[in-house]
Amino acid sequence: MPLKVLILGANGFIGSALTEAIMARTDWQVFGMDIADNKLGEVLNEPRFKFVEGDITINREWVEYNIRKCDVIVPLVAIANPSQYVKDPLRVFELDFEANLTIVRLCAKYKKRLIFPSTSEVYGMCPDPVLDEQTSNLVYGPIHKQRWIYANSKQLLDRVMFAYGVRDGLDYTLFRPFNWIGPRLDDIHEAKEGSSRVFTQFLANVFHGLPIRLVDGGRQRRSFTYIDDAIECLLRIIENKDGCASRQIFNIGNPHSDVSVAELAKAIVEGFRSIPEYAHLADTAKIETVAADVYYGQYYQDIQVRVPAINAVREKLGWVPTTDFNTAIRKTLQYHVRRGDFMPSEKG
Ligand code: UDP
C-alpha cells in the first residue's frame with residue numbers, strides 16, 4: 001500500500017513545495033487542508049492529491065478523521081514571520097501552539113508518525129558559533145520582547161513531543177528550518193513592509209522600486225537554504241528508511257550560505273543584474289538603513305548569528321545541501337521571469 005501523508009497547511013511555502021515533490025517523485029497519496037489554494041496550481045489536478053479548503057481549527061472532525069486514516073502527519077499550519085510575533089503575539093500562540101498541540105495529542109492518541117516543524121529560532125540568542133540539536137542552549141530575551149513568543153511556543157511543543165516519545169513511544173521527527181528561501185516563500189506582489197520574511201521583502205522592494213531597508217545596518221547573519229534542498233531532506237524524513245528519522249531532531253540548513261543581511265541585499269541586487277529581463281531594476285535599486293525599533297517597534301529583539309550544525313542530517317539521512325546562495329537567488333528570479341512577473345508588457 002502506498003504511504004498516506006496528511007499535510008495540514010498544504011498551500012504554504014513548505015507544504016506546496018512538498019506536495020509537488022511527493023507527486024513528482026513518489027507513489028504516495030497526500031491528503032491536504034489549507035485556508036487557500038493559490039500556491040498549489042497544477043498539482044490540484046493530481047488524482048493522488050485530495051485537497052480540502054478549510055481552517056484546521058474549525059474542521060476538527062475532518063482533521064481527526066484524516067489523522068486516523070493516514071500513516072504520516074505533517075502539520076505545517078503556523079505563523080512564521082517575525083513582524084507578526086511582535087504585532088499579534090496571541091494569535092501566534094493560539095495557532096502555532098494551541099492548535100498544533102491538539103494535533104500532537106491526536107497523533108499520540110492514534111499512534112501516528114508525526115513530522116513537525118520546530119524552528120531554527122528555538123536556539124534564540126544562543127552564543128554558540130554553530131547550533132547543535134543536542135548541546136546548544138535555547139536562549140531568549142525578557143518577556144516584554146514579544147518576539148520570543150514564537151520560539152517559546154515551538155520550544156514547548158518540541159518538549160511535549162519529546163516527552164510523548166519517552167513515555168508512550170510517539171514516533172516523531174522534529175525538523176528545524178534555517179531560513180529556507182525560494183519561490184512562493186511569501187507574496188512577491190505584496191510590497192508592504194513586514195508582510196514578508198527578509199528574502200521576499202528584499203526581492204519585492206526591488207520589483208516595486210522601493211529601497212531595501214537593512215535593519216540596524218544589516219550586520220546580523222542567517223544561513224539561507226534553498227527550498228529544493230530542504231524538500232529533498234523532508235522526503236528522506238518521511239520515507240524514514242529503517243527508522244533512521246524516528247525520534248530525531250534535525251537542523252535543516254546550509255552552513256555554507258552564512259551571510260549578513262547586508263550581503264544578502266547586495267547579492268539580490270546582483271542577481272537582478274545577471275538576468276536580462278530584470279537588469280534595469282538593479283540600476284535603480286537602493287539600499288538604506290533603518291533602526292530595529294522603527295521597523296519592528298519596541299517588542300522586537302534580533303538574532304545576530306544562526307549557523308546550523310548538520311552532522312545529524314548528514315549521518316542519519318545522508319543529506320547535505322547542494323544549492324549555493326547565489327544559485328538560490330537566481331533560481332527564484334528565473335521562476336518569476338517564467339511567470340512573467342513584473343515584466344514590461346510587450347505592447348509597451
Ligand atoms: N530584515 C531586514 N530588513 C527587512 C526585513 C528583515 O533587515 O526588510 C532583517 C531582520 O531584522 C532579521 C533578518 O532580516 O535580522 C531576517 O528576517 P526574517 O524576517 O527573514 O526572519 P528571521 O530570520 O529573523 O526569523
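The structure displayed is predicted, hence computed values, not measured ones. Values below: every heavy atom of this structure, side chains too, minus hydrogens, waters and symmetry copies.
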Using the ring of each side chain (for Trp, its six-membered ring), is Phe175 parallel, tilted or perpendicular to Trp180, with breaks at 30° and 60°? parallel
Does atom CD (Glu42) have a neighbourhood of more than 12 heavy atoms from anything else shown, all under 6.0 Å? no
Heavy atoms, side chains only, cut-off 4.5 Å: are Lys154 and Phe116 in contact? yes
Looking only at the side chains, is there a donor atom on one of Asp132 and Tyr123 sitting less than 3.5 Å from an acceptor on the other? no
Heavy-atom side-chain contact between Cys244 and Arg236 under 4.5 Å: no
Could you walk me through whether Arg105 and Thr102 satisfy the side chain to side chain contact (heavy atoms under 4.5 Å, CB included) test, starting with their C-alpha distance in whole Å, then the side-chain angles of each, then the deciding distance to 0.1 Å, before giving a yes or no? CA-CA 5 Å; Arg105 286 186 164 141; Thr102 305; 5.9 Å; no
Examine the side chains of Ser153 and Asp96 and answer whether a donor and an acceptor come within less than 3.5 Å of each other. no
Could you tell me whether Phe93 atom CZ has more than 12 heavy atoms of other residues or ligands within 6.0 Å of it? yes
Tell me yes or no: between the side chains of Gln220 and Asp216, is some donor less than 3.5 Å from an acceptor? no
Using only atom types and a distance under 3.5 Å, with no angle test, would you say the side chain of Glu239 pairs donor to acceptor with the backbone of Lys241? no
Please report the C-alpha distance between Tyr110 and Glu64 in whole Å, then the side-chain angles of each, then the deciding distance to 0.1 Å, and finally whether the side chain to side chain donor-acceptor pair (under 3.5 Å) criterion is met. CA-CA 9 Å; Tyr110 294 114; Glu64 181 158 356; 2.4 Å; yes
Over all heavy atoms of both residues, which pair between Ser260 and Glu263 is shortest? Give the atoms and the distance, please. N-OE1, 2.8 Å
Between Asp302 and Tyr300, is any side-chain donor less than 3.5 angstrom from a side-chain acceptor? yes
Report yes if the distance between the aromatic ring centroids of His208 and Phe342 is under 6.0 Å, otherwise no. yes
Name the one of Arg147, Gln155, Gln301, Lys145 that satisfies side chain to side chain donor-acceptor pair (under 3.5 Å) with Tyr140? Gln155
Hey, what's the ring geometry for Phe207 with His336, parallel, tilted or perpendicular (30° and 60° as the breaks)? perpendicular
Can you establish whether the number of heavy atoms outside Lys69 located under 6.0 Å from its atom NZ is more than 12? yes
Please report the closest heavy-atom contact between Pro255 and Ser223, naming both atoms and the distance. CA-OG, 4.4 Å
Short side-chain to backbone donor-acceptor contact, Asn81 and Gly194, under 3.5 Å: yes
Heavy-atom closest contact (Leu114 atom, Cys107 atom, distance): CD1-SG, 3.8 Å
Given side chains that start at C-beta, do those of Ile310 and Ile252 come closer than 4.5 Å, heavy atoms only? no
pair Arg330-Ile275: side-chain heavy atoms closer than 4.5 Å: yes
Side chain to side chain contact (heavy atoms under 4.5 Å, CB included) between Leu3 and Ile238, worked out: CA-CA 9 Å; Leu3 201 66; Ile238 297 175; 3.7 Å; yes
Got a salt bridge between Lys111 and Asp171, using NZ or NE/NH1/NH2 to carboxylate O under 4.0 Å? no
Please report whether the ring centroid of Phe31 lies less than 6.0 Å from that of Phe51. no
Over 12 foreign heavy atoms within 6.0 Å of OH, Tyr335: yes
State, yes or no, whether a side-chain contact exists between Thr225 and Asn179 at a heavy-atom distance under 4.5 Å. no
List the atom of Ala328, the atom of Tyr226, and the distance in Å for their closest heavy-atom pair. CB-CD1, 3.5 Å
Lys50 side-chain N/O to Val30 backbone N/O, donor-acceptor pair under 3.5 Å: no
Taking the side chain as everything from C-beta on, heavy atoms only, tell me whether Met23 gets closer than 4.5 Å to Val43. yes
Please assess Trp62 against Asn66 for the test side chain to side chain contact (heavy atoms under 4.5 Å, CB included), listing each intermediate value before the final yes or no. CA-CA 6 Å; Trp62 185 95; Asn66 280 278; 3.1 Å; yes
Among Arg197, Arg222, Arg306, which residue satisfies the salt bridge (Lys or Arg N to Asp or Glu O under 4.0 Å) criterion with Glu121? Arg306
Mind listing the closest non-hydrogen atom pair of Pro75 and Pro117 along with its distance? O-CD, 3.2 Å
Of Asn38, Thr19, Asp37, which is the lone residue that meets side chain to side chain donor-acceptor pair (under 3.5 Å) with Asn11? Asn38
Test side chain to side chain contact (heavy atoms under 4.5 Å, CB included) applied to Arg247 and Tyr164, step by step: CA-CA 10 Å; Arg247 285 181 283 282; Tyr164 271 120; over 6 Å; no
Taking CD1 in Ile35 as the centre, count heavy atoms belonging to other residues, nucleotides or ligands within less than 6.0 Å. Is the count above 12? no
Looking at Ile56 and Ala99, what are the two nearest heavy atoms and their distance? CD1-CB, 4.4 Å
Can you tell me if Arg314 uses its side chain to pair, donor with acceptor, with the backbone of Val320 under 3.5 Å? no
Flag if over 12 foreign heavy atoms under 6.0 Å of NZ, Lys87: yes
Heavy atoms, side chains only, cut-off 4.5 Å: are Leu203 and Thr332 in contact? yes
Looking only at side-chain N and O atoms, does Ser118 offer a donor or acceptor that is under 3.5 Å from a partner on Arg176? yes
Mind checking whether Trp28 and Phe49 have side chains closer than 4.5 Å, heavy atoms only? no
Under a 4.0 Å threshold between the charged nitrogen and the carboxylate oxygen, would Arg184 count as salt-bridged to Glu20? yes
